Structures are given as C-alpha cells and as structure tokens.
Amino acid sequence: MNDAKKSNRLLRIALSGSLAIALSFGALGVSSLKSAGAEEKGRSDVAGQAESADGSTGLPGEGSSAASGSDQNATPKDEVVYARLAGDGSVDSIYVVNVLNPEKPGEVTDYGDYSAVTNLTDTGAIEQSGDAVTVDVTGESLSYQGDLASKNLPWEVSVAYSLDGKAIDASELGGKSGKLEVKIETKRSDAVDAVFFENYLLQITLVFASDKSSNVAAPDGQIALAGSNTQVTFTGMPGKDGSFAATADVTDFEMDGVSLAAVPFSMVIDSPDKGELLSGFTQLSDGVGQLSEGASQLASGAQSLSSGAGEMASGISGIADGVSGIASGAGDLASGTSSIASGLEAYQQALEGQAQQSQGSVIDTSAQRQAYQTALQTYVAAFAVAYHDANPDATSQEAAMGAAGQATAAQAGELQQAFGALVAVEAANAAYTAVSQSLSAAASGLGSADDPNGLVGGIKALALGASSLASGADELAGGAASAATGANSLSSGAGDLAGGAGELADGTSSLYTEIQAMPDTVSEEIDTMIAEYSKSDFEPTSFTSSKNTDVTLVQFVMATEPIVAPEQDEPEPEMEERSFWDRFLALFGIGN
C-alpha cells in the first residue's frame, strides 16, 4: 500500500475515532465537528506532505509561562490534535487542526511550533515566523493545519500483538490466521504538561471485521456490534495508567488499527445525601452501645451468680447436718403421705384441665399470613419500580438503592406492620402450645396412683419406704457434701464468666467509641472520592503553545497504522506466440 493510501486510511480512522468519542461523551461541540470536517476537506493535501521533523525548540503542552502583550493570542480557538502512530504505538507524526473563532474578521496571530502550516478554510496565505502563525480571518472562523515539529503526546502508548502465543510485529500480522491477542498500555509522558493526563478521559477502540475474526473477547472492555463488525472499546480514567487486552480468532487478518481519542473529563458529581447514609452508622452505634451495656449487666449477673453459688455451697453443707433429723420424721411422713397422694391426684386433674384450656386458645394465623404475603409482594413490586426509575439518574448502585428505599418507605412500613402482626400471633400460639405441653407433661409426670413408679403412686409407697429413709440418710449426707463441692466449682466458673463478660464489656465499649467516629470518617472518604473524579472546574489549556490564552476545547485523536494483508500479484496473461508472417501483416493493419 503506497504512502498516500496509508495517509488517507489513517485520516479516516482518526475521524471515525473523533466522531465516536463525540457520541460517547458529548464533549466535542459543534466547533470541533466543524474542525473535523475542515480537516477532512484538506486531507488530500495533507496526505502528500512530508513527515514532521525532529529537533523541535520546545515541547507542546509544556505549560511554560506565557509571554505578555503582543506575544499572546486571546482569540477563542479549538485544537484537535491528530497523531499518526506506528504499529507498536510509537509516534510517527503529529498535526493540529486549529479552529480560530475571532469576535470579528481580521488578522489573527496564533502560536505553535510547526514545521508546516496549511489553510483548510480558504486559499488565503498564512505567514509563519518562528512560533507565530498569522492569518487573515475573513469569515466567522478559520481552520488551519499545523504539522508539529515535536513527536511528544501526553500519553505514551504501547501496542503489542501475539499470534498463537508468540509475539509478532504489526507489520508482519497482515494476512495471518490464528489466535490473536492485542495488548495496549498507556501511561503518562513526562515530556508534556501533566494537565492533559490528569484531566482527560481516553477511549481506545479496536474494530474487528466479522469476515476476518470471531470469538472476540475483552474482559475489561465493552464489546458491541458496529454494522457487520465487532467493536471493542476500553476506557482509561484521568490520571491513571492503563493496561488493556483483547483476543480473537482471526483468518487472513486485516484491521484498521487501534484508535485512541481523548477529551476532558468534565463529569460533575453531586454529593449524595450523606444524612441517610450515615444514619445507619448511628443505628449501629446505638446497637453497639446497647451491647456494651448488656455485656456490663452480664458481668454483674455472673458475679452475682458466683456469690450465690458460694452461698449455695454453704447451705448444702448444712443439709448434711440436717439429714439425721430426717429419720426421726419418717414416721410423720408416712402418716401424711395419704393426704398428699389425694392432693396430688386433684392437682393432676387441674393440670390436665388447664392444658386443654391453653390448647383451645391457639389462634388461626391464616389471615395474618395472607396479609403479610400481600404486603411483601406490594413492597417488592414498588421497590423494583422505584429502583428502575432511580437507576438512570443515579451515580452509583448504592445511590439508586437509597432512592428506591426512600420511595417505598410507606410500603416498607406496611410490610413491617404486617410482619409484626404475624409474629405477635405466632408468638402467642407458640406460648399457648408450650404452656399446654408443659401442663400435660407435668400432669403426666405425676403418674398413676396404681403405678408405684409415678409420683402419686410413689407417695403412697412412701409410707412403706419411710422406714428405709433413716438408713439412707447417711448416704444423703455424703451426697450433700459432694453437692457442696459442685456448688463451689459453680461459684469458681461463674467468677471466670464474670471476668470474661467484663472483658467483653470493655471491648464493646472501645468499639462503641470507634463507631461513633465512623460517620465523620466515611463522610471524609466520600468527599475525597468525589473530589478525585469531579473535573467540573477544569479550564482547557492549549497544547500547541502557552501563548494561546483563550482555548475553548482541546481534544486528541490518535491511530496506529492499519494492518493490511499483502497484495497478491496477478499473473500477466500469456501472449500468444505469432509467426513472422502474422507480425508482418500486422504492420499494415492486416490480420489480428
């Protein structure tokens, strides 16, 4: 492919990249699109110009202090910087389309270190003296192209290709087939003022022809169909180095190359309603405070348990002393057991009656369950609609969730009320059932009067066993001593529990103190994150010269060389061999 065809194709890629980023971010404006159109108008002239020369006396975008007086250009202007990149991302040449928009027609002096300049609007002459470019603007605006002497951009771009796992130069990739991987890296160039790197958003685009590629994948990129092609787009954030990769299966591979476009990142991020967000931390703080208070109460209760267990140990020791008196009372016990048995039977009947009464108090919960299900479905549907409506205008998923939560507060209250009613009824039923079961168990536990193993039957048998009670008193005394030992162990364990609960109380108290500071910390972090990406106060700076003081827009369009399959030489048709007589007749126009 000759140089002119290469230049035209590169310009087409650059223009398509410029239009793509305009559509994506809406940041180019009408004047920039006019610049791109003017550049397209003059591209046939530009295609034949020589490559930009090295040895520049200054670097574009350095941001050096501007001269004063007549050495400044206060005419409003736009700058569209086009860069031709080699296959590996290195810069071949840079030219700038400058759009001058003076308040009234007349002579304008613009500044830039150009090796050549071309009028793209009309046939008027352009005078160049050093870094000063003087032109007579006869209409509302004038566009001219300046070929920069420097090859420095705000970003250093690196593009690497591999085919079937092996590195390959872009110049050798045309017409190849296999598993292709494209790796693109961008980082700040120290040779250019950092204002562009810190404030510009990069859009990197690769277009794979559908008849040349398949199975396109890019984990960190966006993949979309662009006509019959597959387009992969990566986004590089301001002030950040970037590393991107895409893969595809290719056949007889060709590609327009890698297109990069950069515009100011001018997103305005409104501060969210931190009050509602931070209220959750307040609730958490209150909850931890209650936990701390409960831990203190647990420590106090455990200490009381320890003291009570010690007293119980002393009391059990006294039991052993009183066991000897049990024997003397065994006779009185026998006489009284008959009355006790009768009373227990009456008590058993009363327990069974109360158990039946408690079971009959159980409430049917079907109405409460239906009310809860209806409230739940209403809340979920309302929340989904509110979240869907809030999501397009929200800056994050958390913000959308918060907005949806506010919008469905009423439904949430109804759901909570229905749930509370259901829980209350279920809790009451559980209590009734538990009481009924406990009463039934207690009644059953008394046993039958005919069953000597039951309480009632046992009381009747107590009279027979009263005589054996005296002999067992000595054994009871020994058991009481063992119980006293166990009570002492309980007292010691309760003391350990009190110590652990005290440590828990101290820990939760410290946690409570730290959580109280969390709302301020979170608020500061939110403000820091917003400040990092909010560029609403960014003022455009000229890339070509700091002497240009009224710049409304600067954008960059960069593209690597296209990857083209080698052209196949067509064999020349074989000439039919003619005899001498045929050639002789041909001299006089006779014959074939």
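Computed from a predicted structure; not experimentally measured.
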ask   = Is V80 close to V96 at the side-chain level, that is, under 4.5 Å between some pair of heavy atoms?
value = no
ask   = Would a distance-only check, ignoring hydrogens and angles, find a side-chain to backbone donor-acceptor pair under 3.5 Å from E561 to D88?
value = no
query = Aromatic rings F383 and Y379: how do their planes relate, parallel, tilted or perpendicular, breaks at 30° and 60°?
reply = tilted
request  = Ignoring hydrogens and angles, state whether a donor on the side chain of S171 or D169 is under 3.5 Å from an acceptor on the partner side chain.
outcome  = no
query = Taking it one step at a time, do T186 and L202 satisfy side-chain contact (heavy atoms from CB on, under 4.5 Å)?
reply = CA-CA 9 Å; T186 61; L202 270 178; 4.1 Å; yes
task = Look at atom CD of Q222 and say whether more than 12 heavy atoms of other residues, nucleotides or ligands are closer to it than 6.0 Å.
result = no
ask   = Does the Q231 side chain pair with the main chain of L225, one donor and one acceptor, at a distance under 3.5 Å?
value = no
message = Looking at L153, is its backbone amide N or carbonyl O close enough to the side chain of S189 to form a donor-acceptor pair, meaning the two atoms are under 3.5 Å apart?
response = yes
query = Does the pair V207 and D256 meet the rule for a side-chain contact (heavy atoms from CB on, under 4.5 Å), with working shown?
reply = CA-CA 7 Å; V207 179; D256 281 343; 5.5 Å; no
inquiry  = Taking the side chain as everything from C-beta on, heavy atoms only, tell me whether V385 gets closer than 4.5 Å to Y387.
reply    = no
inquiry  = Between S90 (side chain only) and L85 (backbone N and O only), is there a donor and an acceptor less than 3.5 Å apart?
reply    = no
ask   = Distance from S213 atom OG to N229 atom CG, nearest 0.5 Å?
value = 7.5 Å
task = Establish, from distance only, whether the side-chain atoms of N73 and K547 form a donor-acceptor pair under 3.5 Å.
result = no
key: pair V551-L553: side-chain heavy atoms closer than 4.5 Å   = no
ask   = Which heavy-atom pair separates A245 from K183 by the least distance, and what is that distance?
value = CB-CG, 4.3 Å
ask   = Counting N and O atoms only, with roles assigned by atom type, does the side chain of Y200 sit under 3.5 Å from a partner on the main chain of V554, one being a donor and the other an acceptor?
value = yes
task = For S177 and D252, indicate whether the former's side chain and the latter's backbone hold a donor-acceptor pair under 3.5 Å.
result = yes
ask   = Do you know the tightest heavy-atom contact between K77 and N98?
value = NZ-OD1, 2.8 Å
ask   = Where the side chain of Q411 meets the backbone of V380, is there a donor-acceptor pair that is under 3.5 Å apart?
value = no
query = Does any N or O in the side chain of D249 come within less than 3.5 Å of the main-chain N or O of N215, such that one atom is a donor and the other an acceptor?
reply = no
request  = Check whether any side-chain heavy atom of V195 sits under 4.5 Å from a side-chain heavy atom of F538, and report yes or no.
outcome  = yes
inquiry  = Any non-hydrogen side-chain atom of P76 less than 4.5 Å from a side-chain atom of D550?
reply    = yes
ask   = How many angstroms lie between atom CE of M558 and atom CD1 of I204, to the nearest 0.5 angstrom?
value = 8.0 Å
ask   = Which heavy atom of P238 sits nearest a heavy atom of F265, and at what distance?
value = CG-CB, 3.5 Å
note = Shortest non-hydrogen pair, T235 vs F244, comes out as O-CE2, 3.7 Å
inquiry  = For a quick check under 3.5 Å, do E79 and S542 share a side-chain donor-acceptor pair by atom type?
reply    = yes
task = Report yes if the side chains of V258 and T205 come closer than 4.5 Å at any heavy-atom pair, otherwise no.
result = no
ask   = Hey, are N119 and T123 close enough side-chain-wise for a donor-acceptor pair under 3.5 Å?
value = no
task = Taking S210 for its side chain and S228 for its backbone only, find out whether a donor-acceptor pair lies under 3.5 Å.
result = yes
request  = Quick one: closest heavy-atom pair of V99 and N101, and the distance?
outcome  = O-ND2, 3.5 Å
inquiry  = For the backbone of K179 and the side chain of D164, can you confirm whether one donor and one acceptor N or O come within less than 3.5 Å of each other?
reply    = yes
ask   = Would you say the side chain of V117 lies within less than 4.5 Å of the side chain of Q128, judging by non-hydrogen atoms?
value = yes
request  = Drop me the distance from T121's OG1 to E140's CD, to the nearest 0.5 angstrom.
outcome  = 12.0 Å
task = Rounded to the nearest 0.5 Å, what's the gap from OG1 on T118 to CD on Q145? Could you check?
result = 5.0 Å
ask   = Is L173 close to F253 at the side-chain level, that is, under 4.5 Å between some pair of heavy atoms?
value = yes
query = Are F208 and E254 close enough, and set up right, to give a side-chain contact (heavy atoms from CB on, under 4.5 Å), and what steps lead you there?
reply = CA-CA 8 Å; F208 294 91; E254 287 187 325; over 6 Å; no
query = If you measure from NZ on K240 to CD on E198, what distance do you get to the nearest 0.5 Å?
reply = 9.0 Å
Interatomic distance, S150 atom OG to D113 atom CG [nearest 0.5 angstrom] = 7.5 Å
message = With no hydrogens and no angle check, just 3.5 Å: does a side-chain donor-acceptor pair link D122 and Y144?
response = no
query = Between F197, W155, Y95, which is the residue that forms a ring-ring contact (aromatic ring centres under 6.0 Å, His included) with F556?
reply = W155
inquiry  = Restricting to non-hydrogen atoms, name the atom on S115 and the atom on L148 that form the minimum distance, rounded to 0.1 Å.
reply    = OG-O, 4.3 Å
query = Yes or no on ring-ring contact (aromatic ring centres under 6.0 Å, His included) for F196 and F543, after CA distance, side-chain angles and deciding distance?
reply = CA-CA 9 Å; F196 301 103; F543 178 73; 5.7 Å; yes
query = Side chains of T109 and T134: is there a donor and an acceptor less than 3.5 Å apart?
reply = yes
request  = Report the C-alpha separation of T75 and D110 in whole Å, then their side-chain angles, then the decisive distance to 0.1 Å, and conclude whether the side-chain contact (heavy atoms from CB on, under 4.5 Å) test is met.
outcome  = CA-CA 8 Å; T75 298; D110 194 37; over 6 Å; no
